[in-house]
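So the structure is just underneath, and the comments pick up after that.
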Amino acid sequence: MEMRRDSADIGSVMASRTLRKRLHHGDVDGKNNEHLETSGSDDLNEPLLGNYYSDTHAEESTIEETWDDERRKEHLHWTLLFSQLIAQWARWLANIVLGSGSLIGRLLTFPLTTQNGQSTKLLAPPLSPLQEARLRKLRQRLQVPFDGSRVEHQDALLQLWRLAYPDKELPPLKSELWKQMGWQGSDPSTDFRGGGFISLENLIFFAQQYPESFQRLLHKQDGTRAEWEYPFAVAGINISFVLAQMLDLQSAKPASLVGIRFLELLQEDEMAFDNLYCVAFQMMDAQWLAKRASYMEFNDVLKSTTSQLERELALEDVSSVKDLPAYNMLRR
């Protein structure tokens with residue numbers, strides 16, 4: 001992917017075949033004028049502010065290339081040898097164990113390859129019928145693009161407005177008022193792209209299940225804020241996109257540690273993705289304040305957020321989203 005950066009660009013610049021945007025954005029309330037410049041196709045596979053999770057792993061790959069060649073070969077040799085022995089044992093034991101959800105079934109998860117000393121690919125235990133059904137439903141949701149011409153999608157946008165501003169009159173679907181919520185233009189439908197309809201569902205879920213946290217983040221009520229704040233709604237779209245990437249949900253079967261741990265959460269909670277989204281949004285805002293960040297640093301804040309979320313998902317005593325330490329930041 002060919003990337004280019006400009007000090008006037010928003011965050012990261014998208015793939016060369018996708019939309020190019022240059023936004024002069026004064027604040028989240030849209031009080032200043034914005035200039036939008038487009039070129040190329042609108043069929044984006046990335047969120048509006050860039051593919052931060054892929055950027056992080058690209059940096060890791062660069063670091064890996066600096067390893068001493070001989071040391072890396074020796075490390076991989078012993079890793080593969082050990083993995084083969086464990087695999088033989090696991091296949092033998094799997095023939096004995098009945099029930100994919102058993103404790104022993106969970107112990108069959110083991111690393112296949114390593115990178116920088118950390119597991120990057122794992123063999124997931126067999127999924128239970130409930131996990132398979134819930135994962136299939138979640139993937140179906142992820143494949144639905146936002147379509148501003150569909151009545152149900154229009155209604156969902158208006159529902160989000162009512163939840164965000166219960167005392168304000170509903171605006172038209174195209175109105176400068178939408179900028180108050182952190183959309184980048186007068187037509188919110190142009191901001192979804194890579195996030196898809198699920199990102200709107202995530203925002204609605206956040207507003208319904210954790211209204212106090214939603215309102216505090218929407219109105220930037222916590223901490224000392226930057227003069228140039230992140231736009232709330234567009235940030236939410238990016239979080240949905242990055243979260244789906246981090247959890248490896250587009251693969252036939254998640255093979256990362258956090259992806260496998262998420263499947264365990266999905267076993268306990270059908271709405272695990274939506275609840276995890278709310279945790280990630282709250283966590284991102286906390287990172288934003290801790291770093292004293294401003295708009296152009298959104299990329300770095302989102303990377304820090306995914307790293308922290310990965311660490312918390314890897315904790316052994318986490319069996320539901322509510323067990324995550326960061327969940328305690330949410331307020332209903």
Side-chain angles (χ1 to χ4, degrees), residues 3-15 18-38 44 46-56 59 160 164 176-195 199-200 202-203 206 213-243 245-246 277-278 280-309 329:
M3 306 290 292
R4 62 185 183 85
R5 297 183 180 271
D6 188 285
S7 60
D9 288 349
I10 304 171
S12 300
V13 183
M14 304 205 179
T18 60
L19 184 73
R20 296 288 196 273
K21 276 182 172 275
R22 181 164 299 166
L23 178 65
H24 304 286
H25 189 95
D27 54 23
V28 72
D29 294 327
K31 294 177 183 177
N32 294 346
N33 292 330
E34 297 175 348
H35 173 66
L36 193 63
E37 181 180 312
T38 65
L44 298 189
E46 301 181 17
L48 197 55
L49 298 183
N51 190 336
Y52 305 103
Y53 195 71
S54 293
D55 288 347
T56 301
E59 292 173 4
L160 178 62
E176 294 294 310
L177 294 174
W178 287 101
K179 295 179 184 179
Q180 297 177 20
M181 196 186 294
W183 301 102
Q184 297 195 91
S186 59
D187 183 2
S189 65
T190 63
D191 282 343
F192 282 95
R193 296 186 176 85
S199 58
L200 178 54
N202 290 155
L203 283 167
F206 191 14
S213 288
F214 178 88
Q215 290 292 334
R216 296 190 72 83
L217 267 61
L218 171 65
H219 297 291
K220 306 295 193 300
Q221 293 175 344
D222 294 331
T224 302
R225 317 299 306 201
E227 292 185 8
W228 200 5
E229 277 289 306
Y230 66 84
F232 176 81
V234 176
I237 292 175
N238 278 267
I239 291 171
S240 296
F241 179 87
V242 170
L243 193 59
Q245 280 197 316
M246 186 189 80
Y277 168 88
C278 299
F281 209 143
Q282 183 70 65
M283 185 185 290
M284 185 277 294
D285 191 74
Q287 289 274 351
W288 179 270
L289 293 174
K291 291 178 177 293
R292 302 177 182 271
S294 62
Y295 189 76
M296 298 303 292
E297 297 168 286
F298 184 80
N299 186 340
D300 294 333
V301 172
L302 200 53
K303 287 180 181 178
S304 298
T305 301
T306 55
S307 296
Q308 181 183 347
L309 195 57
M329 293 191 295

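The chain is numbered in sequence order, starting from 1. These numbers come from a predicted model, not from an experiment.
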Do you know which two heavy atoms are closest between W183 and W178, and how far apart they sit? CD1-O, 3.1 Å
Is a side-chain N or O of N238 found less than 3.5 angstrom from the main chain of V234, in a donor-acceptor match? yes
Could you state the interatomic distance from CD1 (I239) to CD (Q282), rounded to the nearest 0.5 Å? 10.0 Å
Considering only heavy atoms from C-beta outward, does the side chain of Y277 approach that of S240 to under 4.5 Å? yes
Tightest non-hydrogen contact, residues K291 and D300, listed as CE-O, 4.4 Å
Show the nearest heavy-atom pair for residues A233 and L203, with the distance to one decimal. O-CD1, 4.1 Å
Nearest-0.5 Å distance that lies between atom CG in D222 and atom CG in L217: 7.0 Å
Shortest non-hydrogen contact from Y295 toward Y230: CD1-CA, 3.7 Å
Verify side-chain contact (heavy atoms from CB on, under 4.5 Å) between M329 and D285, making sure each step is shown before the conclusion. CA-CA 11 Å; M329 293 191 295; D285 191 74; over 6 Å; no
Minimal heavy-atom distance between K179 and S186, with the atoms involved, is CE-N, 4.1 Å
Intermediate values then yes/no, side-chain contact (heavy atoms from CB on, under 4.5 Å), F206 and S213: CA-CA 8 Å; F206 191 14; S213 288; 3.9 Å; yes
To the nearest 0.5 Å, tell me how far N202 CG sits from L243 CG. 8.0 Å
As an exercise, state the distance from CE of M283 to CG of L302, rounded to the nearest 0.5 Å. 11.5 Å
Min side-chain heavy-atom separation H219-F232 under 4.5 Å: no
Closest non-hydrogen contact found for T305 with Q287 is OG1-CG, 3.8 Å
Using side-chain contact (heavy atoms from CB on, under 4.5 Å), reason through L309 and M284 one step at a time and then give a plain yes or no. CA-CA 10 Å; L309 195 57; M284 185 277 294; over 6 Å; no
